[in-house]
There are 2 protein chains.
Amino acid sequence: MSGNFKKDLFAQFARVAKALGNGHRLELLEFLAQGERNVDDLARVSGLSVRNTSQHLQQLRQVGLVTSRKEGLHVYYRLTGDDVVLLMQCVRGVAERHLADVKVLVDTYLTVKDALEPMPVKDLLERARKGEVTVLDVRPSEEYAAGHLPGAVNIPLAELERHLDELRDSGEVVAYCRGPHCVLAFEAVERLRGQGLRARRLQDGFPEWKAAGMPVETE
Amino acid sequence: MSGNFKKDLFAQFARVAKALGNGHRLELLEFLAQGERNVDDLARVSGLSVRNTSQHLQQLRQVGLVTSRKEGLHVYYRLTGDDVVLLMQCVRGVAERHLADVKVLVDTYLTVKDALEPMPVKDLLERARKGEVTVLDVRPSEEYAAGHLPGAVNIPLAELERHLDELRDSGEVVAYCRGPHCVLAFEAVERLRGQGLRARRLQDGFPEWKAAGMPVETE
DNA sequence: TGACTATTCCACTAATCTATGGAATAGTGT
DNA sequence: ACACTATTCCATAGATTAGTGGAATAGTCA
C-alpha cells in the first residue's frame, strides 16, 4: 500500500519532468517566463507550427506548468508561478555542471563569454541609482513593454547603432536580455565595445531577475 | 546560427529533464541520494529486474546525473553532486504546488500529515544539543550506516516496539527517514504516539539534510 | 447573417521509449 | 582451467510521443 503510494507519487513527479523533457517546450517556457504570450506569438518565436505549439502548450497545462486566459480571439498563456522559472534554472544548472555536451556547446558559441565580464545582479540597482551605469534592455520592444528592470532603457539590438551617441555620454552600460544564454546581450556588448564604449553584460536575464523577487517596471 | 545554438542548448537541457521523466528513475535517484548503491541493491528496492535497473542507470549516467565506480564484482553508483538532489526537490515542489493529482494523492495516503507537526530542520540541531529532543533514524541499518544526522539513534521501524522504553525516558522524539514523502517516519510517529510518547516528524529526510550542507555522521 | 481569425480537437504515421530474454564480459573463488 | 556472480550489451515487441493535415469551435468584424 505505502509502496503504491510511493510509486504513484514518483509517477506524478515524472509527469512534470517529462513535460520539461523536450527542447521546444523548454523554449516555450523560456518565452513565457517573460510574461503572457498568445499561441501565435509562441509559434512564431519557437518556429513551430501553430497547431503543434498548441499541442505542446496543452501538455504543459496538463502538468500544471502553465495556465491560459482567453481574451477576445486570443488565448494568453502564462507560467503558473515563479517556481517554474526556478525549476528551469535548476535543470539548466545541473546540465551545465554535469553534461559535457553542454560545456562544449557553450564554449563553441560563446567563447567570448568570460571576456564580457558579467555583472552580478545584486550590485546593479545600487550602481544604477548612483548614476554610475546605464541599464540597457536589448530585447524587442514588446518584451520590454511587458516588463523590464526599473530604469532600464530599451534599445533592440537592430537599432543599437542609431543610439550610440546617447549611450556614449552615460558612463558604463550594462546590457541584459532573456537569460544567461540568450545571445542578444552578448552581441550588444560586443558591438558597443567595438565602438569604444564601456559595456558589460548582466549576469542573468529578465526572467531570472523577476523570479528572484526583484522589482519590475511595466509600461 | 545563434538560433541553432539556442535549439541545441535546449535540446541538451531537455535530455536531463527527460532522464527524470520516469518514476522508476526518480525512485532510483532517491535511493542514490542516500549514498552509493550497487545495481543489485537498487533493483531490489525499486522492484525492477536487475537488467532493467542497469539500463535505467545507463540513461542516468549518459546525462551526467550519476557516476559509477567498480569494486570487485560490484558496480557502485552515486549521484554526481548534491545539486541533483536539489533538482529533484525542485521537481517535487513544483509538482506539489501545481499538480492537483499530487495533492489528491498526498491527502489520500497521508491524511494525518498535519497532525504530526513536522519540525523545521533549522531548529533541530540546537534543541538536540540541549537534550530537549532525541533524534530517531527509522531507516534500515545499512542506510543509517552510510550516513545519518549527528547524534541520531537508529531504530528501524520493525524494531521500534522493542526499544520503546529507551525512548520513553528521553523527552520528545523527532523521527526522520528518506524524505518528506517516505512513510517510515510517519508510521513511527504514529506508533510512538499510540504508546503515549511525545513524537514528531522532521520536515525533511536525510538526503535533503545532506544536500543542505548540514553535518553528517558515518559509522 | 456570412466571411474570417485564432485556437483546439481528432486521426494517423514516424520516431522514440520501456521491459524482457538471450548472450557477452569481467571479476572471484576453487 | 572451471564454475559462478554481477553487470552490461543487444535485439525485439508493445507502448508512448512528436509532428502533420483536416475538421470543429468560438469569437470578431462588416
Side-chain angles (χ1 to χ4, degrees), chain A residues 3 7-8 10-29 31-32 36-78 101 142, chain B residues 3 7-8 10-29 31-32 36-78 101 142:
Chain A
K7 290 282 184 201
D8 291 351
F10 278 122
Q12 294 300 323
F13 296 158
R15 286 178 59 203
V16 173
K18 202 176 290 184
L20 298 176
N22 177 291
H24 295 311
R25 283 195 291 272
L26 287 178
E27 201 177 352
L28 292 174
L29 288 173
F31 277 106
L32 287 173
E36 277 195 339
R37 291 291 139 88
N38 62 33
V39 182
D40 227 41
D41 290 341
L42 288 164
R44 197 163 323 111
V45 296
S46 63
L48 299 173
S49 75
V50 172
R51 283 177 289 210
N52 196 3
T53 305
S54 174
Q55 309 240 41
H56 281 300
L57 290 169
Q58 305 303 319
Q59 293 191 47
L60 292 174
R61 176 159 53 190
Q62 274 170 22
V63 298
L65 293 173
V66 306
T67 6
S68 60
R69 172 179 72 82
K70 190 158 193 175
E71 185 182 317
L73 275 179
H74 297 276
V75 175
Y76 290 92
Y77 281 85
R78 64 171 183 281
D101 297 348
E142 313 92 59
Chain B
K7 290 281 184 203
D8 291 350
F10 278 123
Q12 294 301 323
F13 297 159
R15 286 178 60 203
V16 173
K18 203 176 288 183
L20 297 177
N22 175 290
H24 296 311
R25 284 195 290 272
L26 287 178
E27 202 177 350
L28 292 174
L29 288 173
F31 278 107
L32 288 174
E36 275 195 340
R37 292 292 138 88
N38 62 34
V39 182
D40 226 41
D41 291 341
L42 288 164
R44 200 165 318 112
V45 296
S46 64
L48 298 173
S49 76
V50 172
R51 283 177 289 208
N52 197 3
T53 306
S54 173
Q55 308 244 40
H56 281 300
L57 290 169
Q58 305 303 318
Q59 292 192 49
L60 292 174
R61 176 159 52 190
Q62 273 170 23
V63 298
L65 293 174
V66 306
T67 6
S68 59
R69 172 179 70 82
K70 190 157 193 176
E71 185 181 317
L73 275 178
H74 298 276
V75 175
Y76 290 91
Y77 281 85
R78 65 172 182 281
D101 297 347
E142 314 90 61

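Here the structure is a predicted model, which means the values were calculated and not measured. By convention in this document, chain letters (A, B, ...) are assigned in the order of the sequence lines, proteins followed by strands, and residues within each chain are numbered from 1.
For the atom pair OG1 (A:Thr67) and CG (A:Leu57), the distance works out to 11.5 Å, reported to the nearest 0.5 Å. Atoms NE2 and CG, on A:His24 and A:Leu42 in that order, are 13.5 Å from each other to the nearest 0.5 Å. Atom CG of B:Leu20 and atom NZ of A:Lys18 lie 12.0 Å apart (nearest 0.5 Å). Here the straight-line distance linking atom CZ of B:Arg15 with atom CG of B:Leu65 works out to 10.0 Å at 0.5 Å rounding.
In this structure, B:Tyr76 reaches neither bases nor backbone, as no heavy-atom distance under 4.0 Å exists between it and the strands shown. Using a 4.0 Å heavy-atom distance criterion, A:Gln55 is classed as a base contact. The residue B:Gln59 sits close only to the backbone: its heavy atoms come under 4.0 Å of sugar-phosphate atoms, none of a base.
Between the B:Lys7 side chain and the A:Ser46 main chain, a donor and an acceptor come within less than 3.5 Å of each other. Although no hydrogens or angles enter the test, the distance criterion places no donor-acceptor pair under 3.5 Å between the side chain of B:Arg78 and the main chain of B:Arg69.
Taking the side chain of A:Val50 as heavy atoms from C-beta on, and the options C:dT8, C:dA26, D:dC9, the nearest nucleotide is C:dT8. Ranking D:dA6, C:dA6, C:dT18 by closeness to the B:Arg25 side chain, first place goes to C:dT18. Among C:dA19, C:dT7, D:dT8, the nucleotide with an atom closest to any side-chain atom of B:His24 is C:dA19.
Comparing A:Gly72 and A:Arg51, the nucleotide of DNA chain D nearest to each residue sits closer to the 5' end for A:Arg51. Remark on DNA chain D: of its neighbouring residues B:Asn38 and A:Asn22, the 5'-side contact belongs to B:Asn38, judged by nearest-heavy-atom nucleotide.
Between the P atom of D:dA11 and the CD atom of B:Gln58 lies a distance of 16 Å, rounded to the nearest Å. Across the protein-nucleic acid pair, A:His56 atom NE2 and D:dT20 atom P stand 9 Å apart, rounded to whole Å. For the pair A:Tyr77 OH and C:dT7 C1', the computed distance is 8 Å after rounding to whole Å. Whole-Å rounding puts the B:Lys70 NZ to D:dA6 P distance at 13 Å. A straight line from CG of A:Leu57 to P of D:dA18 spans 13 Å, rounded to a whole angstrom. Rounded to whole Å, the distance from CG on A:Leu26 to P on D:dA18 is 12 Å. The separation between B:Leu73 atom CG and D:dT5 atom C1' is 6 Å, rounded to whole Å. In this structure, NZ of A:Lys18 is placed 16 Å from P of C:dT16, rounded to the nearest angstrom.
Residues from residues 40-49 of chain B placing a heavy atom under 4.0 Å of any atom in DNA chain C do not occur.
Evaluation of the side-chain hydrogen bond (donor to acceptor under 3.5 Å, both in side chains) rule for A:Asn38 yields A:His74 as partners, not counting sequence neighbours.
Proximity of A:His74 to the phosphate of C:dT5: no side-chain N or O atom is located under 4.0 Å from OP1 or OP2. Distances shown here put a side-chain N or O of B:Ser54 below 4.0 Å from the OP1 or OP2 atom of D:dT8.
Contact record, B:Phe31 with B:Arg37: O-NH1, 4.2 Å, taken as the closest heavy-atom pair.
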